[in-house]
Every structure is written in C-alpha cells, then in structure tokens.
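The structure appears right after this line, and notes come after that.
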Amino acid sequence: MTEPLNPSPVDPADTRTAELAGRLAVVGNRIQAAMSSAGKQAAAPRLIVITKFHPAADIRRLADLGVRDVGENRDQEAAAKAVELADCGLTWHFVGQVQTKKAKSVARYAAAVHSVDRPQLVDALAKAIAVEQAGSGRADLECFIQVGLDEDAAEGRGGAAPAVVPHLADQVAAAAGLRLAGVMAVAPLGVDPEAAFEKLARVSAELVAQHPDAGAISAGMSQDLEAAIKFGATHLRIGSDILGTRPALG
C-alpha cells in the first residue's frame with residue numbers, strides 16, 4: 001500500500017518539479033475520491049509511476065517529491081536508469097512483456113515483474129534470480145500473473161487466459177526465489193473498464209482461494225484508476241497523468 005509522500009521542499013524556480021508536484025497532488029486527490037466513492041476503508045493502493053521514455057532527471061525529481069515506486073516496460077531503458085538512479089532509493093517494477101532472454105537483466109534491478117504470462121518466463125526468471133541471489137543476496141522477485149481480459153486474444157493487450165492462471169500460479173509459488181504476489185491486467189480497448197476489472201477481481205478471488213498470500217491486484221492507469229479501485233486494485237500504474245506527454249523520441 002502507498003505510504004504518505006514526504007517530499008522535499010520545491011524550489012519555485014524549478015518549474016518542472018513544481019509541475020510534477022501538482023500532477024502528483026491531482027492524482028492523489030483522484031485516488032482518495034475513488035476510495036471514498038467505493039467505500040474503501042483500507043490504505044490507498046500503492047502508486048507506481050510509469051516513467052518509460054521520460055528522462056532520468058524527471059525520475060530524480062519524483063524521488064525528491066517522495067515517490068518510491070517506478071515502472072518501466074523496456075529492459076534496456078530500465079536497466080540504464082536503475083544504475084544512474086541507484087542513490088534514489090527507488091523500487092523498480094517491470095510492467096512490460098519480458099523476453100526470456102532478458103530475464104537475467106531484469107533480475108538485476110527489478111523488485112517486481114507485473115507481466116508473468118507463460119511457463120517459459122517463470123523458468124527463466126527463477127534461474128536468473130537464483131544467480132542474483134547467490135551473488136548479491138537480493139530479495140525474492142515479486143511476480144504478478146498478467147491476465148488477458150480480452151474475448152479475442154488475437155486483438156488483446158497480452159496476458160494469460162484466466163483458465164491458465166492457476167497453473168502459472170502453482171509454478172511461480174513452487175519456484176525458489178519467486179514470490180507470487182497476485183494478478184495484473186490492462187483493461188481492453190473499447191470495453192467498459194468496470195466490467196474488465198470486475199472480471200479480474202473474480203480471477204483474483206479464485207487465486208487467493210488457493211494461494212492466500214497472493215491477493216495483490218495490479219490494475220488501473222491514468223484513464224481508469226477509479227474503476228480499478230472500485231474492484232480492489234492494490235497497485236496502480238500511472239504514467240501520463242503524472243509525467244505528461246511522452247517526450248519525442250529521436
């Protein structure tokens with residue numbers, strides 16, 4: 001769950017930090033309003049700021065504003081930022097599809113992978129974490145099973161079919177160095193996000209019945225965080241509403 005932000009004072013001359021502080025406040029207010037509307041009494045969901053394509057300087061500003069969780073979806077970019085920002089005390093979440101050949105790299109910096117979607121990836125992550133733990137003693141890797149909520153998988157946004165989730169969950173739970181955290185999903189395009197996240201909540205409940213400690217739900221982005229909170233999201237992945245439009249790629 002999200003701890004209260006404890007930001008450093010903002011320099012009025014630093015307009016970008018002031019902008020980020022304002023955007024964080026707006027998102028925080030949305031989260032609190034959604035919690036109130038849904039009648040949620042627990043602590044607010046954990047806020048993961050999705051920083052892909054944005055410069056390391058912005059992430060350092062976020063860290064100064066009290067952000068502790070950041071997410072990336074491209075290993076090359078994430079690995080470089082994690083090294084550059086090693087002094088910021090950040091927790092790195094990998095939220096994009098992981099190629100099995102990238103598992104070794106992801107295991108070096110990621111505390112959590114939100115996109116576990118196939119048995120081969122579980123095996124690759126387990127092997128990579130074993131090597132890292134032998135060398136550095138790092139903590140176990142949190143694994144969220146990405147659930148595909150699209151009726152037409154060919155047009156979907158990724159993830160394992162709900163029927164496959166129990167098998168993947170058993171595999172993750174049995175793997176040394178991996179910790180089954182829960183489920184993750186992206187609401188399908190053109191679909192009511194409430195219906196999508198209600199379906200995800202049902203998948204989560206079935207998972208928890210077999211793995212009681214795997215109750216985390218990673219769901220909700222800038223456009224649908226309210227719907228995600230209504231149906232029990234414990235982790236939100238917010239990018240554009242905090243960082244703004246992605247910089248143009250050269």
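On a predicted model such as this, the values are computed, not experimentally measured, just so you know.
- Annotation: side chain of D14 is in contact with side chain of R61 (closest heavy-atom distance under 4.5 Å).
- Residues L207 and V203 have side chains not in contact (no heavy-atom distance under 4.5 Å, counting atoms from C-beta outward).
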Next item on the list: Begin with the C-alpha distance, continue with both residues' side-chain angles, and end with the deciding distance and a verdict on salt bridge (charged side-chain N to carboxylate O under 4.0 Å, His left out) for K230 and E226.
Entry: CA-CA 6 Å; K230 180 177 179 179; E226 288 84 1; over 6 Å; no
Checklist line | Candidate pair V116 and L178, rule side-chain contact (heavy atoms from CB on, under 4.5 Å), full reasoning | finding: CA-CA 11 Å; V116 175; L178 305 184; over 6 Å; no
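- No chain of hydrophobic side-chain contacts below 4.5 Å, direct or via other Ile, Leu, Val, Met, Phe, Trp or Tyr residues, connects I50 to L85.
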Next item on the list: Given side-chain contact (heavy atoms from CB on, under 4.5 Å), test R118 with Q120 step by step and report yes or no.
Entry: CA-CA 6 Å; R118 59 199 188 279; Q120 298 91 330; 3.6 Å; yes
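- Considering only heavy atoms from C-beta on, I129 comes within 4.5 Å of R138 through its side chain.
- Under a hydrophobic-cluster definition in which Ile, Leu, Val, Met, Phe, Trp and Tyr are linked whenever side-chain heavy atoms come within less than 4.5 Å, directly or via other members, V208 and L200 are assigned to different clusters.
- Contact check for P162 versus K199: side-chain heavy atoms found under the 4.5 Å cut-off.
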Next item on the list: Take V98 and S115 through the test side-chain contact (heavy atoms from CB on, under 4.5 Å) and record every step on the way to the result.
Entry: CA-CA 7 Å; V98 184; S115 48; 3.9 Å; yes
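- A 4.5 Å side-chain heavy-atom check between M221 and V186 finds at least one atom pair inside the cut-off.
- Closest approach of V113 and V106 over heavy atoms only: CG2-CG1, 3.8 Å.
- Rounding to the nearest 0.5 angstrom, the gap separating the SG atom in C88 from the CG atom in L62 is 10.0 Å.
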Note to self: Working note: K81 + E77, criterion salt bridge (charged side-chain N to carboxylate O under 4.0 Å, His left out); need CA distance, chi angles, decisive distance, verdict.
What the structure shows: CA-CA 6 Å; K81 288 176 177 177; E77 182 179 354; 2.6 Å; yes
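- Under a hydrophobic-cluster definition in which Ile, Leu, Val, Met, Phe, Trp and Tyr are linked whenever side-chain heavy atoms come within less than 4.5 Å, directly or via other members, I238 and I48 are assigned to different clusters.
- Taking CD1 of I59 as the start and CD of E84 as the end, the distance is 8.5 Å to the nearest 0.5 Å.
- Among all heavy-atom pairs drawn from A78 and Y109, the shortest one is CB-OH, 3.5 Å.
- Side-chain atoms of R179 do not come within 3.5 Å of backbone N or O of A112 as any donor-acceptor pair.
- For T234 against A216, the heavy-atom pair with the smallest separation is OG1-CA, 3.3 Å.
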Next item on the list: Determine, step by step, whether R60 and D87 satisfy the salt bridge (charged side-chain N to carboxylate O under 4.0 Å, His left out) criterion, reporting the C-alpha distance in whole Å, the side-chain angles of both residues, the deciding distance to 0.1 Å, and the verdict.
Entry: CA-CA 9 Å; R60 189 172 294 279; D87 61 318; 3.0 Å; yes
Next item on the list: Could you go through the ring-ring contact (aromatic ring centres under 6.0 Å, His included) check for F144 and H235 one step at a time?
Entry: CA-CA 11 Å; F144 293 75; H235 295 64; 5.2 Å; yes
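- Using a 4.5 Å heavy-atom cutoff, the side chains of T17 and D64 are not in contact.
- Between M35 and I229, some side-chain heavy-atom pair lies under the 4.5 Å cut-off.
- Shown are D117, V172, D170; of these, the side-chain contact (heavy atoms from CB on, under 4.5 Å) with V122 is made only by V172.
- By the 4.5 Å heavy-atom criterion applied to side chains, Q146 and H114 are not counted as neighbours.
- Going from atom OG of S105 over to atom CD of E132 covers 9.0 Å, rounded to the nearest 0.5 Å.
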Next item on the list: Please assess K52 against R74 for the test side-chain contact (heavy atoms from CB on, under 4.5 Å), listing each intermediate value before the final yes or no.
Entry: CA-CA 8 Å; K52 60 185 180 182; R74 299 196 307 174; 5.9 Å; no
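- A 6.0 Å sphere centred on NZ of K40 holds more than 12 heavy atoms belonging to other residues, nucleotides or ligands.
- In this structure, a donor-acceptor pair under 3.5 Å is present between the side chains of E72 and T51.
- One distance of note links OG of S222 with CD1 of I242; it measures 7.0 Å at 0.5 Å rounding.
- Atom CD1 of I31 and atom CG of L225 lie 6.0 Å apart (nearest 0.5 Å).
- To the nearest 0.5 Å, atom OG1 of residue T91 and atom CZ of residue R68 are 9.0 Å apart.
- When all heavy atoms are compared, the tightest approach of A185 to L149 is CB-CD1, 3.6 Å.
- In this structure, a donor-acceptor pair under 3.5 Å is present between the side chains of D123 and Q171.
- Annotation for A82 and W92: closest pair CA-CZ2, 3.6 Å, computed over non-hydrogen atoms.
- The hydrophobic clustering, which links ILVMFWY residues whose side-chain heavy atoms are closer than 4.5 Å, places V95 and I145 apart.
- Not a single donor-acceptor pair under 3.5 Å links the side chain of D224 to the backbone N or O of A227.
- Under 3.5 Å, the side chains of Q133 and D140 contain a donor-acceptor pair of N or O atoms.
- Residues L20 and D58 come closest through the heavy atom pair CD1-O, 4.0 Å.
- Side-chain N or O atoms of R46 include none that pairs as donor or acceptor with a backbone N or O of S218 at under 3.5 Å.
- A distance-only check finds no donor-acceptor pair linking the side chain of R237 to the backbone of G71 [under 3.5 Å].
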